[in-house]
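Since the structure comes first, as structure tokens, the remarks are kept for the end.
So you know, we letter chains A, B, ... as the sequences are listed, proteins then strands, and number each from 1. Atom set for the values below is all heavy atoms of this structure, side chains included, hydrogens, waters and symmetry mates excluded. Since the structure is predicted, the reported quantities are computational estimates derived from the model, not experimental observations.
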Amino acid sequence: MGLLSSVFKKNVSTEPPKPAAAPSRSADVAAKPAETKKEVKPVADKITLGYTHLSGCTGCTVALADNYAGLLTLLDRYVDLKYMPTLADVRHVQKVDVSFVEGSVCINDKLAVEELKETREKSTIVVALGGCACYGNITRFCRGGQQNQPQHEAYLPINELIKVDVFIPGCAPTPQLIRNVAVMAYLLLKGTKEQKDLATAYLKPLMALPVQGTACGASTACFCDLMTNVIDQGLCMGCGSCASACPVNAITHEYGKPQGERDLCIKCGACYNQCPRSWFSFDVVENYEAINEAIMAALQ
Amino acid sequence: MGAELGKYKACVSARSTDKEILKHAQDGGIVTSLLGYALDTGIIDGAIVAATKDFAAKHPSLIMRDNSNWDMIEPWRPIPAVVSTKADLLAAAGTKYNISPNVSMIKEATRSFGLDKVGIVGTPCQMQAVRKLQLYPIGARDVGAAVALAVGIFCMENFPYQSILQLVEDHAAMKMESVKKMEIGKGKFWIYGKRGQVVQLPLKVTHKYEQPGCHVCLDYVANLGDISTGSVGSPDGWSTVFVRSKIGDSVWANAMAAGVFETQPIEKVKPGLELVTKLANEKITKNKNTLESRKTFGVGKALRNPYI
């Protein structure tokens, strides 16, 4: 597939030239010691990334970090991390290409609301990272009363206050999905026409999520999405993806169809979004092998 | 159409060389032999398969630990199980003709069952689910890369368990307990009893009991499996096998070299690929029509289309 081989080629070519001295300790090293210390990162080619941390448990941050060496490769080659409360020195919102936002926003917290708005103003693409930012998730159940800010009681998913471009659902979102979206965002912003097409196809369903709404309204995800948009629509074929995806094991099967224990549901939206009958792109999934290989090659 | 059989590197008619497996097998024993070989050689260290009541009674620790399922353990109701030995695999062999939510075990297989290399067998929709969770792992952390072998089975449509109950006990007037084997072939639904009786139902009777979710499915031969297999296209006792992915290619080549299967060229057997193509096109055309009619299902109101 031309599309993907070009992705592969691009990655090979963007690989920073190895410092000449690294593999062979020849006389050249002594002659040009400065060479080995030279900055070789293709900085100009990178996209800039920010990370705004609102009311989330840091699980999304941990998931990002859990890409281990993959994260280092991402930072080395594709992404310049401009600001992030946990993993970068700069903590305040900067002008960036892509912002990840973790956590829902507490509307009683002036600072959080301002940070979120500033994030929107200063970013080309805003990504809601994780169940809380996308749908509210467990913070939907907040009733306030927690020291030392007992008056902080009302939390909203971020797309109720700002326009969000991409959702990465899941509680916690998986390191692999964060990685895939990061690579695709890079291709979308810096790639060739073909790579942009691939990234657009890949990101399309995740970009549709912020605008399509949910079953219970007001962007609340829950098992109801599966019930109303899949089962009640006569689309469920009982594969079991939802039960596997649920982080709290709230889904079992009755008559071959998922049955959610709604009191256990934390409203993260994983079941619905993992379901192959919620959204499914043949263009993307039929090329799973090549896309997986391209992503892995990008991180080699 | 042209794409009805999906991408594949090779297609053959095959059957297992293991007589013991053939005794339990639906057709050519492909799934059981392939997973058995993969277990033996460490390609996988466990597999998610559809087991049954007898299996669950003997191996309660290998099935889904889910209270709601205990009342549901009935004859011929498939229960997803994680097997890691050939004996357990063999005990779960055979097609059940109703839904087994195998993908529901895929995360747990890498967690409490501790598998690093998971084998999974499933219908085309389940292969779609597996590939979606590899590309878009929303609730499947570290699962995608652990899927070491996905074996797809051909599927025209599936039945809920209660439909099978209806067909066997009402239409065929047999007890579920007394059924030895079920099969769809030659335009009929066949039910073989343990005492030797055979009942056949025309598919005209079975159609209305099909699972509605199957009617929007656009995949007949498990296009997204590493290897996919089914009886259609091959003679009795043999199975048609598509080798699709790089993983599938390497596993199949090694299994062939180890003498796990005997094969015949698909071009040489009757009815061959022609029938597979015909049925695939029938399914896809029928279901595309279903999707089309969903657009105008109400008065100016559509039913949802999952494909984007």
Side-chain angles (χ1 to χ4, degrees), chain A residues 63 66 168-177 180 202 204-206 208 229-231 233-247 249 251-259 268-271 273-286 288-289 291-293 295, chain B residues 3 6-7 64 66-69 72 77 80 98-108 122-123 125-126 128-145 158-162 211-218 223-224 244-247 294 303-308:
Chain A
D66 278 351
I168 301 183
C171 183
T174 63
Q176 295 81 21
L177 184 58
N180 293 1
Y202 179 89
K204 194 178 159 193
L206 300 175
N229 290 332
V230 180
I231 305 167
Q233 286 279 327
L235 294 171
C236 177
M237 39 54 188
C239 68
S241 299
C242 49
S244 158
C246 181
N249 291 334
I251 300 177
T252 54
H253 281 76
E254 306 263 345
Y255 300 106
K257 299 288 181 289
Q259 183 59 45
C268 69
C271 54
N273 286 302
Q274 194 67 78
C275 170
R277 292 286 168 82
S278 59
W279 44 269
F280 191 88
S281 163
F282 281 108
D283 288 346
V284 176
V285 183
E286 283 192 338
Y288 75 92
E289 208 180 358
I291 294 176
N292 278 335
E293 279 172 11
I295 291 172
Chain B
K7 294 177 194 162
M64 186 149 53
D66 169 347
N67 296 334
S68 72
N69 269 34
M72 292 196 182
R77 182 197 281 276
N98 60 108
I99 312 147
S100 180
N102 280 6
V103 186
S104 65
M105 288 289 266
I106 201 161
K107 187 157 74 178
E108 204 53 27
T123 50
C125 55
Q126 292 177 325
Q128 293 179 344
V130 169
R131 299 316 176 190
K132 182 176 174 182
L133 76 73
Q134 285 183 319
L135 284 172
Y136 298 101
I138 288 152
R141 182 184 162 136
D142 299 341
V143 175
N158 207 335
F159 299 96
Y161 179 74
Q162 277 69 17
Q211 167 170 256
C214 296
H215 295 154
V216 298
C217 173
L218 303 177
N223 296 350
L224 298 176
R244 299 186 180 280
S245 68
K246 283 181 191 161
I247 291 177
R294 287 172 66 92
L303 291 179
R304 216 172 66 80
N305 183 340
Y307 305 121
I308 48 175

If you tally heavy-atom pairs under 4.5 Å against chain B, which of [options] wins?
options                                    : answer
Leu177(A), Leu206(A), Val230(A), Ile231(A) : Leu177(A)
Ala245(A), Cys171(A), Pro173(A)            : Ala245(A)
Gly234(A), Ala243(A), Gly269(A)            : Gly234(A)
Val285(A), Val284(A), Leu235(A)            : Leu235(A)
Gln274(A), Lys257(A), Gln233(A)            : Gln274(A)

Side chain from CB out, backbone as N, CA, C, O: work out which of these in [X] comes under 4.5 Å of a heavy atom of chain B, or both, or neither.
X         : answer
Cys275(A) : backbone
Ile168(A) : neither
Asn249(A) : neither
Ala208(A) : neither
Cys268(A) : neither
Gln176(A) : both
Asn273(A) : both

message = Checking Ser100(B) against Asn102(B): is there a side-chain donor and acceptor pair closer than 3.5 Å?
response = yes

Per-residue contact mode, [X] against chain A (heavy atom under 4.5 angstrom):
X         : answer
Gln134(B) : both
Gln162(B) : side chain
Asp142(B) : both

key: Atom of Ile99(B), atom of Gln211(B) and distance for their closest heavy-atom approach   = CD1-OE1, 2.7 Å

note = Heavy-atom nearest pair, Leu135(B) first then Tyr202(A), reads O-OH, 2.6 Å

ask   = Under a 4.5 Å heavy-atom cutoff, which of Cys214(B), Ala145(B), Ala129(B) has the most pairs with chain A?
value = Ala129(B)

inquiry  = I'd like to verify something: which residue of Pro212(B), Gly139(B), Cys217(B), Ala140(B) has the highest number of heavy-atom pairs under 4.5 Å with chain A?
reply    = Gly139(B)

ask   = Which residues pass the ring-ring contact (aromatic ring centres under 6.0 Å, His included) test with Tyr288(A), sequence neighbours left out?
value = none

key: Test side chain to side chain contact (heavy atoms under 4.5 Å, CB included) applied to Cys239(A) and Cys242(A), Ser241(A), Cys236(A), the passing residue   = Ser241(A)

request  = Verify whether the ring centers belonging to Tyr307(B) and Phe282(A) lie closer than 6.0 Å.
outcome  = yes

inquiry  = Would you call the rings of Trp279(A) and Tyr136(B) parallel, tilted or perpendicular, taking 30° and 60° as the class edges?
reply    = perpendicular

inquiry  = With a 3.5 Å distance limit and no angle check, can you tell me whether Lys107(B) reaches the backbone of Ser244(A) through a side-chain donor-acceptor pair?
reply    = yes

message = Any side-chain to backbone donor/acceptor pair from Gln126(B) onto Thr123(B)? Under 3.5 Å, distance only.
response = yes

request  = Could I get the full list of salt bridge (charged side-chain N to carboxylate O under 4.0 Å, His left out) partners for Lys246(B), not counting sequence neighbours?
outcome  = Glu293(A)

message = If the threshold is 4.0 Å, N to carboxylate O, is there a salt bridge linking Arg141(B) and Asp66(A)?
response = yes

